[in-house]
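Both counts, for ligands and for their atoms, begin at 1 and track the order of listing. Since we're looking at a predicted model, the values are computed, not measured.
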Amino acid sequence: MSSPVSTTPILRFAPSPNGYLHLGHAYSALRNESVAREIGGQLLLRIEDIDPQRSRPEFEQAIYEDLAWLGIEWVEPVRKQSQHLSEYEIALERLAERGLVYPCFCTRGDVAAAVDKLAAASGSWPRDPDGSPFYPGTCKQLSDQDKDRRVASGLHAAMRLDMQAALARGQDKIGWCEYFAGYEPRDVNAEPSLWGDVVIARKDVPTSYHLAVVVDDALQGVTDVVRGMDLFNATSLHRLLQSLLDLPAPSYHHHRLIEDDIGRKLAKSAGSPTLRSLRADGVTATEIRAQLGFA
Ligand code: GLU
């Protein structure tokens with residue numbers, strides 16, 4: 001999958017420790033393992049634990065145990081995002097220096113109220129691929145004085161990407177090499193304008209998933225990203241951030257998602273059976289591999 005100039009392809013499996021792994025995670029980890037084997041690559045493990053509210057040490061421990069039980073091997077050391085916040089901060093500063101981010105003091109309620117008003121006036125309001133309404137730009141208009149006053153009064157700000165400014169830099173002509181099913185490589189045009197002014201750094205941590213993932217993939221030398229189809233559209237945004245930060249572009253393979261009996265994507269929130277519960281019920285790792293198509 002990777003370019004002929006790179007020596008050893010690098011892949012990564014990057015779960016978030018906010019619940020126990022389910023069959024969807026197992027599929028993704030096994031897909032990474034099988035692609036790594038096929039292309040002679042190394043598989044890294046990254047713990048995406050930037051969310052202090054949802055990440056828990058017992059879930060992290062369970063990731064190591066469940067992957068080992070499945071027979072997945074990864075190259076040490078494991079990278080834990082919570083230990084690298086200053087690296088994301090540096091990337092954020094680079095975007096800020098280029099005038100590509102702005103502080104946003106809005107609460108979710110503020111955004112929802114502003115969007116309701118705009119939607120009522122114009123009949124509809126755009127949403128991003130995650131289903132979140134485009135940010136209506138309330139804080140984009142704030143003067144420096146207003147911003148200072150809010151910070152002085154103790155308000156915390158998230159940082160949002162100024163999508164218009166980012167696209168105006170000519171970064172909209174970007175794409176990536178996607179390996180579709182069967183590993184047929186094809187060039188895909190990125191469509192970052194599908195996303196509005198997304199949060200690039202949250203109020204409580206100096207990054208977001210989108211920023212951390214591109215910084216990490218670059219710092220870890222990841223050449224081949226293998227992850228679920230649910231992140232296909234996020235890749236447009238990731239390619240934009242890579243381009244703005246002068247980071248290399250990996251190849252991508254967005255694999256199919258594992259669904260439950262009634263066709264819903266497996267999710268922690270939907271109560272999908274976890275690998276540990278299957279294990280407790282006597283299911284073996286070999287059976288799980290076979291069920292997911294990895295003999
Ligand atoms: N941490 C993300 C998740 O658990 C995966 C991110 C990625 O592979 O880029 O869904």
Side-chain angles (χ1 to χ4, degrees), residues 1 9-36 41-56 59-60 62-64 66-67 70 72 74 78-85 88 91 129-132 176 178-179 188 190 195 198-200 202 205 207-242 245 247-259 264-270 272 274-275:
M1 282 177 69
I10 308 284
L11 297 85
R12 86 309 192 269
F13 176 57
S16 305
N18 53 22
Y20 292 117
L21 300 185
H22 51 61
L23 284 176
H25 296 107
Y27 183 82
S28 199
L30 289 166
R31 184 43 80 220
N32 267 285
E33 179 193 64
S34 102
V35 174
Q42 289 190 338
L43 178 59
L44 309 179
L45 175 61
R46 184 162 78 221
I47 301 293
E48 300 211 324
D49 60 347
I50 57 160
D51 188 334
Q53 263 87 51
R54 299 178 66 212
S55 299
R56 300 228 302 258
F59 293 140
E60 181 188 335
I63 289 172
Y64 305 134
D66 292 350
L67 291 179
L70 258 186
I72 304 272
W74 59 90
V78 172
R79 182 174 172 94
K80 282 183 64 171
Q81 291 188 325
S82 59
Q83 295 175 344
H84 296 274
L85 297 183
Y88 311 131
D130 282 348
S132 303
W176 73 88
E178 174 76 25
Y179 282 79
V188 172
W195 300 86
V198 287
V199 170
I200 282 299
R202 299 156 40 129
V205 275
T207 187
S208 64
Y209 158 65
H210 299 299
L211 183 62
V213 82
V214 299
V215 169
D216 283 348
D217 283 342
L219 284 173
Q220 296 191 283
V222 172
T223 56
D224 299 81
V225 174
V226 175
R227 61 185 179 188
M229 200 60 197
D230 51 341
L231 290 167
F232 184 87
N233 284 319
T235 301
S236 283
L237 180 57
H238 298 173
R239 286 291 301 116
L240 176 65
L241 292 172
Q242 286 159 352
L245 291 164
L247 302 176
S251 299
Y252 289 85
H253 167 55
H254 294 92
H255 59 69
R256 74 180 176 94
L257 300 177
I258 302 298
E259 295 173 338
R264 287 176 316 184
K265 180 193 147 193
L266 297 183
K268 291 162 192 166
S269 53
S272 303
T274 62
L275 294 183

Worksheet item: Phe13 near ligand 1, heavy-atom distance under 4.0 Å?
Response: no
Response to the item:
side-chain contact (heavy atoms from CB on, under 4.5 Å) test vs Tyr252 passes for just one of Thr235, Asp224, Leu231, Val188, namely Thr235
Practice prompt. Using the side chain to side chain contact (heavy atoms under 4.5 Å, CB included) rule, take Val214 and His210 through it: C-alpha gap first, then chi angles, then the decisive distance, then the call.
Written response: CA-CA 7 Å; Val214 299; His210 299 299; over 6 Å; no
Fill in: cation_pi(Arg54, Phe59) dist<6.0 Å, angle<=45
no
Worksheet entry | Where Tyr179 and His253 come nearest, the two heavy atoms and their spacing | O-ND1, 2.6 Å
Discussion item. Could you tell me, atom by atom, which parts of ligand 1 come under 4.0 Å of a heavy atom of Arg227?
Written reply: 7 (C), 8 (O), 9 (O)
Worksheet item: Quick check: does Glu48 get an N/O under 3.5 Å from an N/O on ligand 1?
Response: yes
Discussion item. Quick test of your reading of the structure: of Gly228, Ala212, Ala234, Ala14, whose heavy atom lies closest to atom 2 (C) of ligand 1?
Written reply: Ala14
Response to the item:
Closest non-hydrogen contact found for Gly41 with Leu11 is CA-CD1, 4.2 Å
Worksheet item: Counting from 1, what ligand 1 atoms have a heavy atom of Tyr209 closer than 4.0 Å?
Response: 6 (C), 7 (C), 9 (O)
Item to complete: Tell me which part of Leu231 gets within contact of ligand 1: side chain, backbone, both or neither, using heavy atoms under 4.0 Å.
Response: side chain
Worksheet, complete the sentence: ligand 1 atoms nearer than 4.0 angstrom to some heavy atom of Val213 are 9 (O)
Worksheet item: Taking the side chain from Ser208 and the backbone from Ile200, do they hold a donor-acceptor pair closer than 3.5 Å?
Response: yes
Worksheet item: Are any of the N/O atoms in Pro15 less than 3.5 Å from those in ligand 1?
Response: no
Worksheet entry | Among Arg79, Arg12, His84, side chain to side chain donor-acceptor pair (under 3.5 Å) partner for Asp216 | Arg79
Discussion item. I'd like to know whether ligand 1 has Arg12 as a neighbour, heavy-atom separation below 4.0 Å.
Written reply: yes
